[in-house]
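All chains are named by letter (A, B, ...) in the order of the sequence lines, taking the proteins before the strands, and each is independently numbered beginning at 1.
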There are 2 protein chains.
Amino acid sequence: MSERRVTMADVAREAGVSPTTASFALSGRTDMRISDASRERVLEAARRLGYRPNVTARSLRTKSTQTIGLVSDRITTTPFAGDVIRGAMEAARERDHLLFITEADGDRAAESSLVHALLDRQVDAVIYATMFTRYVTPPKELFGRRVVLLNCLAPGFDAPSVVPDELEAGRDAARALLAAGHTRGIWAIGGHQAVPATPEGIIAGNERMRGLEEVLREGGARLDGVIECDWDTLDGYREVSALLAAGTRPRALVCLADRVSFGAYQALGEAGLSVPGDVSVISFDDQDIASVLRPALTTLKLPHHQLGRLAVELILRGGPLEPAVHRVPMPLRERASLGGPAGT
Amino acid sequence: MSERRVTMADVAREAGVSPTTASFALSGRTDMRISDASRERVLEAARRLGYRPNVTARSLRTKSTQTIGLVSDRITTTPFAGDVIRGAMEAARERDHLLFITEADGDRAAESSLVHALLDRQVDAVIYATMFTRYVTPPKELFGRRVVLLNCLAPGFDAPSVVPDELEAGRDAARALLAAGHTRGIWAIGGHQAVPATPEGIIAGNERMRGLEEVLREGGARLDGVIECDWDTLDGYREVSALLAAGTRPRALVCLADRVSFGAYQALGEAGLSVPGDVSVISFDDQDIASVLRPALTTLKLPHHQLGRLAVELILRGGPLEPAVHRVPMPLRERASLGGPAGT
DNA sequence: CCGCTCAGCTAAATCGGATTAGCAGGATGC
DNA sequence: GCATCCTGCTAATCCGATTTAGCTGAGCGG
């Protein structure tokens with residue numbers, strides 16, 4: 001766009017050397033002998049002219065565009081997903097790479113065409129990301145390419161995955177509950193959210209529940225009940241209201257998602273119950289809402305930023321991308337919704 | 001990355017023609033005479049080999065990478081900003097373009113280096129975006145380049161701006177209030193939010209207030225008061241609580257941002273006042289939270305998606321980018337928080 | 001004084017396309 | 001029968017770098 005850029009040929013001419021010499025001087029390679037005097041003259045000319053290499057042209061020869069593509073289902077749309085992108089961007093920037101962001105919106109054809117668009121622009125690698133942790137089958141265009149799966153798993157597909165450590169998060173929720181003294185009257189709202197189409201339990205709900213129950217059991221505690229419902233505000237409100245209406249008086253609620261917690265807050269409020277005075281609430285995700293809720297919600301943070309960062313770091317680490325599963329810890333955000341058991 | 005791609009030379013060989021012929025046949029240009037037979041053979045060969053042009057290589061000659069760069073302060077971080085990116089992405093995809101997304105986080109040096117990184121990769125244009133509507137001075141690297149300002153204004157800088165039509169939104173809020181029968185007891189919470197460093201009133205708060213007061217006046221109504229405070233949940237809660245504690249009983253609250261509305265809801269709830277039964281609330285932004293609040297919030301939507309889309313469309317429209325200001329309407333989302341005046 | 005080595009540099013090829021200039025051969029005009 | 005025109009194609013360049021192969025002249029050993 002506009003005004004001709006300064007090229008290496010310009011620099012070479014200005015320094016009175018050949019383009020070859022300029023190239024070697026600028027790239028700082030030592031395997032080709034360039035006198036200090038020449039090198040200095042080239043560098044000085046480049047500085048004076050404000051020379052910047054044309055990455056696109058260079059890539060034609062080197063095969064590296066210093067560019068990474070990210071394809072997601074609809075990650076840019078979700079409230080926290082910006083963090084994934086930001087984490088990835090940060091890591092990329094630290095190594096002078098740039099990110100193409102694309103979104104296929106669950107459309108397979110769009111997905112393929114976006115991958116093509118990325119490949120046509122010679123990206124060095126592709127990050128295939130999903131909004132929720134789940135099993136996927138990446139588009140065939142990605143086979144044999146440098147790929148990292150972000151927030152998803154694809155058994156049999158030759159690429160590393162980066163996912164939140166949901167199992168450990170479930171355990172941490174249980175530990176927090178136990179530490180606060182809760183052993184009875186604990187209810188889980190939201191349940192497993194098992195998606196039928198996906199094999200066994202890597203899915204957030206399953207793992208969170210598994211970790212939760214495991215540590216609760218080890219600690220001599222247990223769940224009084226598990227209410228399976230959608231992970232949204234409305235269901236959280238409805239189910240907790242129903243629970244209270246049935247005469248149950250829980251002492252702690254483990255909400256499987258912050259949105260559910262928000263609904264629970266509303267139901268608890270209407271019933272005249274205070275958090276955490278009457279009922280403690282611990283949650284998962286740490287969406288924006290978690291910190292503005294009153295009282296602020298204690299929750300296990302989905303490490304989106306770290307997820308994005310690690311995906312890029314794996315790529316920039318160089319070498320082949322081994323198909324390992326990298327689990328990123330979900331830190332506990334201790335705020336105000338978790339207290340001791342009511343009446344103690 | 002991996003396996004050599006099929007090049008045009010491969011296609012030409014397969015079709016038994018020269019690379020020149022292949023190039024013309026593939027690009028479908030008619031100013032160079034290619035027989036239908038040859039053209040068909042080339043196209044067929046390309047299909048058979050799965051040929052895809054190398055956009056990067058092509059751009060070396062054509063100067064067009066079919067790529068647009070987006071630099072923002074911290075747009076990816078804000079809750080709604082994903083929409084800007086999505087709108088921009090959609091528009092780009094419709095024309096086979098891809099987007100580089102970057103974020104400078106308010107750091108001038110980072111901004112410059114990101115713009116350089118974009119320019120080094122020969123982007124066709126740059127979108128300079130901000131999280132909140134405000135005046136900016138784009139980095140000098142952008143001068144003389146193809147640029148569109150998104151959600152910001154830079155007087156004297158030769159580029160078009162795309163911003164929300166805040167003034168009209170203020171008017172629409174007033175119209176909605178009047179239509180519901182409100183003429184008295186109307187309070188504005190959040191105020192002008194004038195940022196001292198920026199000249200006159202393009203800023204959201206100023207324009208919203210101006211439009212609001214203008215139409216209210218024309219409709220024979222007026223504001224009982226304007227409370228200047230930060231646009232966040234805590235201030236909304238605090239200010240409305242204080243207002244109620246002082247014995248004032250508003251009939252309608254115009255909250256200058258959804259976050260303020262959320263705080264207002266909390267204060268109103270604690271005071272035993274219902275929305276919209278006792279007090280109507282109308283707001284601006286339409287953040288995610290607006291639709292999950294109970295009752296759902298009537299608000300004027302910040303048209304982020306359209307903003308992103310229009311910015312890209314201006315670029316792809318071709319021709320020079322005239323320094324006009326494009327104002328995008330903020331649609332009214334009528335939900336449940338606005339009713340008739342209490343007691344009627 | 002001759003042949004060798006080596007430091008220091010340059011010419012030329014390459015990457016994958018787009019584009020300009022030009023060439024061969026048949027049809028056409030006169 | 002000869003110049004001209006047009007059709008259909010190809011050779012050669014170019015875009016902005018990197019990289020390979022090779023050239024030149026000084027220093028050195030014998």
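Side-chain N/O atoms of A/Thr65 and A/Gln122 include no donor and acceptor closer than 3.5 Å. Between the side chains of B/Ser59 and B/Thr62, not a single donor N or O lies within less than 3.5 Å of an accepting N or O. One side chain, B/Thr133 or B/Asn151, offers a donor N or O that lies under 3.5 Å from an acceptor on the other.
Using a 4.0 Å heavy-atom distance criterion, A/Thr62 is classed as a sugar-phosphate-only contact. B/Pro19 comes within contact range of no nucleotide atom at all, as no heavy-atom separation falls under 4.0 Å. Residue contacts for B/Thr7: at a heavy-atom cut-off of 4.0 Å it reaches the sugar-phosphate backbone alone, with no base atom in range. Among the protein residues, B/Thr20 comes within range of the nucleic acid bases, having at least one heavy atom under 4.0 Å from a base atom.
Ring-plane geometry between B/Phe100 and A/Phe100 is classed as parallel, the angle between the planes falling under 30 degrees on a 0 to 90 degree scale with a further cut at 60.
Protein atom OH of A/Tyr51 is 10 Å distant from nucleotide atom P of D/dG16, rounded to whole Å. Between the P atom of D/dA21 and the CZ atom of A/Phe24 lies a distance of 12 Å, rounded to the nearest Å. A/Arg4 has its CZ atom 7 Å from the P atom of D/dG16, to the nearest Å. Computed from coordinates, the B/Met8 CE to D/dC14 C1' distance equals 14 Å when rounded to whole Å.
For A/Arg41 and A/Asp36, the salt-bridge test fails: no basic side-chain N is under 4.0 Å from an acidic carboxylate O. Ion pairing between a basic and an acidic side chain is recognised when a charged N comes within 4.0 Å of a carboxylate O; A/Asp120 and B/Arg58 show no such pairing. Between A/Glu111 and A/Lys140, none of the side-chain N atoms (NZ, or NE/NH1/NH2) sits under 4.0 Å from a carboxylate O, so this pair counts as no salt bridge. Using a 4.0 Å cut-off between charged nitrogen and carboxylate oxygen, B/Arg47 and B/Glu44 count as a salt-bridge pair.
Checked by atom type and distance alone, the side chain of A/Thr21 never pairs as donor or acceptor with a backbone atom of A/Val17 at under 3.5 Å. Using modelled atom types, no side-chain atom of A/Arg29 and backbone atom of A/Ala25 make a donor-acceptor pair closer than 3.5 Å. At distances below 3.5 Å, at least one donor-acceptor pair connects side-chain atoms of B/Asp73 with backbone N or O atoms of B/Met131.
On the nucleic acid side, DNA chain C has its first and last nucleotide under 4.0 Å of a heavy atom of chain A at C/dA7 to C/dG16, going 5' to 3'.
The shortest distance between the side-chain N/O atoms of B/Thr21 and the OP1/OP2 oxygens of D/dT10 is below 4.0 Å.
Within residues 26-43 of chain B, the residues that have a heavy atom under 4.0 Å from DNA chain D are, in order of number, B/Met32, B/Arg33, B/Ile34, B/Ser35, B/Ser38. For the segment residues 54-61 of chain B, residues with any heavy atom less than 4.0 angstrom from an atom of DNA chain D are, sorted by number, B/Leu60, B/Arg61.
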